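Here the structure is laid out as structure tokens; the discussion comes afterwards.
Because the structure is predicted, anything quoted here is derived from the model rather than measured. First the proteins, then the strands, lettered A, B, ... as listed; each starts at 1.
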There are 2 protein chains.
Amino acid sequence: MKLTTRSEYALLALVYLARNEGEGFISIDTIATAQGIPPKFLEQLMLALKRAHFLRSAKGQKGGYRLAKRPDQIPLADVIRLFDGALAPTESVSENFYESTPIEKEKKLTKVFKDIRDYVSNKLEKTTIADVIK
Amino acid sequence: MKLTTRSEYALLALVYLARNEGEGFISIDTIATAQGIPPKFLEQLMLALKRAHFLRSAKGQKGGYRLAKRPDQIPLADVIRLFDGALAPTESVSENFYESTPIEKEKKLTKVFKDIRDYVSNKLEKTTIADVIK
DNA sequence: CAAATCCCTACTAAACCAATAGGATTTATA
DNA sequence: TATAAATCCTATTGGTTTAGTAGGGATTTG
């Protein structure tokens, strides 16, 4: 029932970049210092975010990262899924990561977890980085 | 964002016992076979459930387990907390397991996770084993 | 006494997590 | 053109958690 620090750090980095849009490329060290994240750890996350097309980067001096999308086009769900996998509380209830478990036979129980998944999913899908910096 | 199999198995065991209330003590092997759970693994869970006063047990031949409370007095939340700890998606948002993280400064973000915690918490607190066997 | 059963602790293999290390490459600029 | 600042990329590490397995002890019933 927990988020990894990876997701939290990634969200914090995106929030920082969103707040400082228009200031060109921003370096990992700048973000790490501002948000209190271990820089080399953040580096890995930024790379992943870049590969998933949340970010654009520039190498070399004056390089760094900036958002590849508008903040209102980045739902929290997308970020969390990238680092933590499925949003659902159990496998049997996840749409994206289905796997068979004995719990499936308990329909009422499954329903409870489906409801939770739906709420969490909806909440995180409709909340974007833009909502968070307002 | 995930439940451990421990919690799932524990819930399945409680559901089984609730469905078969009034049949006296039921052995681990019976439950394990019925619900598809590794018996020696289930044994540990049953012991924990017993120590947490969800179950009563009887040793020896004809021994086994039965519920120590009425099914409607066992919220799913209690069971999940026993095996998985906090329900909240991030530490900074958990009432029972507070710990400081850099995310706290982002109030809007924290709010989203608080909302999720509240929903999940409320849902799991008010759903009991009795609801699940109906 | 034998069988069934819970009780309890220890162990293990694999995965995951958070973080660190360090070299390779690219770019701006002095 | 040398240097510094930055990303890029892979590997490694130490710790924890997870999902089980193993096995001996204690207790009760037939």
Problem - Length of the line joining R66(B):CZ and dC6(C):P, which is rounded to integer Å - result: 14 Å

Problem - Distance-only side-chain donor-acceptor flag, T128(B) / D72(B), under 3.5 Å - result: no

Practice task
Whole angstrom is fine here: how far is it from CD in Q61(A) over to P in dA28(C)?
Solution key: 9 Å

Problem - Ring centre gap for Y9(A) and F41(A) strictly below 6.0 Å - result: yes

Exercise for the section: Measure from the side-chain heavy atoms of K59(B) and tell me the nearest of dT29(C), dC6(C), dG24(D). Expected result: dC6(C)

Exercise for the section: Take R81(B) and E125(B) through the salt bridge (charged side-chain N to carboxylate O under 4.0 Å, His left out) test and state the conclusion after the steps. Expected result: CA-CA 11 Å; R81(B) 262 199 225 91; E125(B) 291 294 353; 2.4 Å; yes

Exercise for the section: Take F83(B) and G60(B), find for each the nucleotide of DNA chain D with the closest heavy atom, and name the residue whose nucleotide sits nearer the 5' end. Expected result: F83(B)

Practice task
Take P38(B) and D84(B), find for each the nucleotide of DNA chain D with the closest heavy atom, and name the residue whose nucleotide sits nearer the 5' end.
Solution key: D84(B)

Problem - Note: D115(B)-K123(A) ion pair, threshold 4.0 Å (strictly below) - result: yes

Fill in the blank from the handout: The answer to which of E43(A) and S27(B) contacts DNA chain C further toward the 5' end, by nearest nucleotide, is S27(B)

Practice task
Can you tell me the distance, in whole Å, between the OH atom of Y65(A) and the C1' atom of dA5(D)?
Solution key: 13 Å

Exercise for the section: Flag yes if more than 12 heavy atoms outside K62(A) fall under 6.0 Å of its NZ atom; otherwise flag no. Expected result: no

Problem - Between dC6(C) (P) and L49(B) (CG): distance, integer Å - result: 13 Å

Exercise for the section: Establish, with yes or no, whether the OP1 or OP2 oxygen of dA4(C) is under 4.0 angstrom from a side-chain nitrogen or oxygen of K62(B). Expected result: no

Problem - Nearest-angstrom distance from the residue atom CG of L3(A) to C1' of dA18(C) - result: 14 Å

Problem - Phosphate OP1/OP2 of dA19(C): any Y9(A) side-chain N/O under 4.0 Å - result: yes

Completion exercise
Atom CD of E8(B) and atom C1' of dA19(D) are separated, to the nearest Å, by 13 Å

Exercise for the section: May I ask you to verify if any side-chain N or O of R6(B) is less than 4.0 angstrom from the OP1 or OP2 atom of dG20(D)? Expected result: no

Handout entry: Closest to side chain of T4(B), choosing from dC7(C), dA19(D), dA21(C)
Key = dA19(D)

Practice task
Measure the distance from CD1 on I28(B) to C1' on dT21(D) and round it to the nearest whole Å.
Solution key: 14 Å

Exercise for the section: Find the distance R56(B):CZ to dC7(C):P and express it as a whole number of Å. Expected result: 11 Å

Exercise for the section: Ignoring backbone atoms, establish whether S57(A) has a side-chain N or O less than 4.0 Å from OP1 or OP2 of dT7(D). Expected result: no

